[in-house]
There are 2 protein chains.
Amino acid sequence: MDHLHRCQLCAVRKLAVCGAMSDEQLNRLNEIAHYKKYAAGQTIISSDQPVTLFANIVSGTIKLTKVTVDGREQIVGLLFASDFLGRTFGRTNRYFAMAATDVELCIFPSDAFERLIATFPDLKQCLFERTLDDLDAARDWMLLLGRKSAAERVASFLLLLACRFARSPQQAGAQFDMPLKRADMADYLGLTVETVSRQMTRLKATGIIEIKGTRGIKLFSMARLADAAGQSPGD
Amino acid sequence: MDHLHRCQLCAVRKLAVCGAMSDEQLNRLNEIAHYKKYAAGQTIISSDQPVTLFANIVSGTIKLTKVTVDGREQIVGLLFASDFLGRTFGRTNRYFAMAATDVELCIFPSDAFERLIATFPDLKQCLFERTLDDLDAARDWMLLLGRKSAAERVASFLLLLACRFARSPQQAGAQFDMPLKRADMADYLGLTVETVSRQMTRLKATGIIEIKGTRGIKLFSMARLADAAGQSPGD
DNA sequence: GACGAGGTTTGATCCAGGTCAAGCCCGCTG
DNA sequence: CAGCGGGCTTGACCTGGATCAAACCTCGTC
């Protein structure tokens with residue numbers, strides 16, 4: 001079995017976990033799925049277009065963005081490996097989905113997928129729970145965008161990534177690769193590239209993080225980072 | 001039948017629409033419901049507390065807020081008459097719910113309500129759709145908080161209220177009562193009271209709105225307001 | 001009808017972060 | 001290995017909105 005096919009099966013299995021499906025159903029699911037790659041920067045879903053896909057992210061990072069009429073951009077969500085992408089119930093998209101890095105997707109055609117949801121209540125429940133998580137995340141971010149300083153925003157973002165990526169998030173010395181370039185960080189944090197860059201060097205200067213190349217991040221102290229982020233360590 | 005009881009029945013009916021219930025079930029629903037008033041400023045739900053209520057808003061405005069450790073506040077959602085309040089699936093609350101004006105609620109105890117959801121898939125679907133709407137609204141607001149100027153934020157907010165409250169939202173001359181005081185507007189828009197006040201007088205000066213007392217708002221031109229909000233009139 | 005207390009407006013000043021403009025770094029290609 | 005382009009950093013300057021400080025307005029209450 002080639003790599004491509006294995007990845008697809010893996011994504012299908014992951015999805016199937018929610019729905020408690022039989023082997024036969026799992027096979028049927030695998031039949032309708034297909035595997036696709038996107039290069040960094042490519043648009044996967046356009047705003048105001050009817051939704052035609054539902055996908056499981058195999059690898060890479062996807063940014064969900066909104067833009068004003070005059071072109072100012074805001075990232076309203078990030079999706080990483082193992083996250084789902086798509087809008088259920090035939091709604092048109094309210095944002096763009098773009099590959100922030102190279103991305104591999106396992107795609108389920110939307111009509112077949114909607115039928116699947118109708119058949120498996122557990123799957124629907126799973127999606128509901130995910131939506132509630134997304135809502136909580138969006139509201140957390142509203143506090144950040146509305147009330148936090150540039151320094152706190154950058155620290156909060158690093159903390160978010162650390163919790164998501166680092167193998168031992170509680171430990172000092174956690175490290176990971178920054179999945180976004182500076183411009184995307186700025187669009188996520190409601191800042192400019194220059195401010196993001198300055199805050200990163202400031203964090204480096206104060207000895208809270210180390211930066212290797214431009215993407216490698218090493219955290220010296222989780223507690224101090226949480227402190228800089230202006231939130232209790234538990235959040 | 002007294003006013004109080006009539007309001008409760010009305011709220012129960014509204015809820016029942018989603019679930020396509022029988023009369024007998026509707027009665028049972030009515031039995032578990034009770035009616036309660038909150039004065040402006042009162043806390044209805046505290047952050048990090050287990051959720052103990054699910055309610056239909058009969059009248060008034062509720063603000064959902066988050067606060068930083070040092071007390072900066074951000075409103076992450078507003079609820080008006082006929083909206084639902086509550087968190088399903090036994091999650092603890094991530095924010096405060098406070099009465100922004102005097103509020104009347106029709107409350108369903110959470111355990112009974114969760115059982116009800118389990119029984120009526122339509123009701124669950126209805127809540128799911130509402131959550132998706134909330135998520136869209138939150139993401140719209142992220143664009144506002146991250147990328148819009150003070151003038152655009154205030155205009156956007158007025159536009160939002162106009163669409164929700166004015167009897168003929170498309171027409172010029174639409175008018176409504178501002179449900180929030182300036183401090184709450186500031187907390188919703190990620191600004192300070194002073195800036196909100198200045199932008200309101202600016203909108204008045206440019207002849208886009210008229211302000212009667214401090215709460216009465218009259219819109220002279222929906223199109224110019226949408227323009228000031230930095231968005232296409234359709235949004 | 002004087003008196004507070006909360007809410008709102010207005011003015012003067014300040015500063016965090018935006019803007020503009022180089023320069024740097026690094027991988028890619030000819 | 002020179003030249004190029006995209007991304008990142010750094011510096012100098014500017015400005016929109018925050019901050020600080022009055023005044024003002026509108027009520028309910030004595």
Side-chain angles (χ1 to χ4, degrees), chain A residues 39-42 63 68 70-74 99-102 144-158 177-205 209-217 228 230, chain B residues 39-42 61 63 68 70-74 99-102 144-157 177-205 209-217 228 230:
Chain A
Q42 267 191 286
K63 55 176 177 172
T68 59
D70 58 344
R72 284 167 286 171
E73 190 168 327
Q74 176 68 42
T101 62
D102 290 348
L144 178 141
L145 292 172
R147 292 302 183 203
K148 288 193 179 178
S149 70
E152 289 171 322
R153 294 185 198 203
V154 173
S156 297
F157 180 54
L158 293 179
D177 269 353
M178 166 61 55
L180 302 185
K181 55 187 174 186
R182 297 289 184 268
D184 285 334
M185 289 179 65
D187 285 342
Y188 196 29
L189 298 170
L191 299 170
T192 58
V193 211
E194 293 93 330
T195 317
V196 170
S197 177
R198 276 186 250 272
Q199 294 303 332
M200 291 292 283
T201 53
R202 219 177 59 88
L203 282 172
K204 186 170 62 179
I209 64 170
E210 185 183 328
I211 305 176
K212 298 169 182 172
T214 59
R215 294 299 186 97
I217 306 286
Chain B
Q42 267 191 284
T61 302
K63 57 175 178 172
T68 59
D70 58 343
R72 284 167 286 171
E73 189 168 329
Q74 176 67 41
T101 63
D102 290 348
L144 177 141
L145 292 171
R147 292 302 184 203
K148 288 194 180 178
S149 70
E152 289 172 321
R153 292 182 200 204
V154 172
S156 297
F157 180 54
D177 269 353
M178 166 61 57
L180 301 185
K181 55 187 174 188
R182 297 289 183 268
D184 284 334
M185 289 179 65
D187 284 342
Y188 196 29
L189 298 171
L191 299 170
T192 58
V193 211
E194 294 93 328
T195 316
V196 170
S197 177
R198 277 186 248 272
Q199 294 303 331
M200 291 291 283
T201 53
R202 220 176 58 87
L203 281 172
K204 187 170 61 177
I209 65 169
E210 184 183 329
I211 305 177
K212 298 168 182 171
T214 59
R215 294 299 185 96
I217 305 286

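All chains are named by letter (A, B, ...) in the order of the sequence lines, taking the proteins before the strands, and each is independently numbered beginning at 1.
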Check: Any donor-acceptor pair under 3.5 Å linking the side chain of B:Thr61 with the backbone of B:Thr101?
Finding: no
Margin query: Taking side chain to side chain donor-acceptor pair (under 3.5 Å) as the definition, give me every residue that meets it alongside B:Gln199, ordered by chain and number, with sequence neighbours left out.
Written below: B:Arg202
Item checked: All side chain to side chain donor-acceptor pair (under 3.5 Å) counterparts of A:Arg147, not counting sequence neighbours -> B:Asp187
Item checked: Sequence-distant partners of B:Lys63, salt bridge (Lys or Arg N to Asp or Glu O under 4.0 Å), two or more places apart -> B:Glu73, B:Asp184
Checklist line | Counterpart residues, salt bridge (Lys or Arg N to Asp or Glu O under 4.0 Å), relative to A:Arg72 (two or more places apart) | finding: A:Asp70, B:Glu152
Notebook entry, point to check: Please walk me through it: do A:Leu145 and A:Arg153 pass side chain to side chain contact (heavy atoms under 4.5 Å, CB included)?
Noted result: CA-CA 8 Å; A:Leu145 292 172; A:Arg153 294 185 198 203; 4.1 Å; yes
Could you tell me the separation between the [atom1] atom of [X] and the [atom2] atom of [N], rounded to a whole number of Å?
X	N	atom1	atom2	answer
B:Asp184	C:dG6	CG	P	16 Å
A:Met178	D:dG7	CE	P	16 Å
B:Arg72	C:dA16	CZ	C1'	13 Å

Check: Can you tell me how far the CZ atom of A:Phe157 sits from the CG atom of A:Leu191, to the nearest 0.5 Å?
Finding: 11.5 Å
List every contact pair, protein side and nucleotides 23-25 of chain C side both N or O, where the distance is under 3.5 Å.
none

Notebook entry, point to check: Taking five pairs at each end, how big is the angle between the two axes of the helix from C:dG1-D:dC30 to C:dG30-D:dC1, to 10°?
Noted result: 30°
Which residues pass the side-chain contact (heavy atoms from CB on, under 4.5 Å) test with [X], sequence neighbours left out?
X	answer
B:Thr192	B:Glu194, B:Thr195
B:Ala205	none
B:Asp177	none

Notebook entry, point to check: Quick one: what's the B/S/- string for nucleotides 8-19 of chain D, heavy-atom cutoff under 4.0 Å, read 5' to 3'?
Noted result: SBBBB----SSB
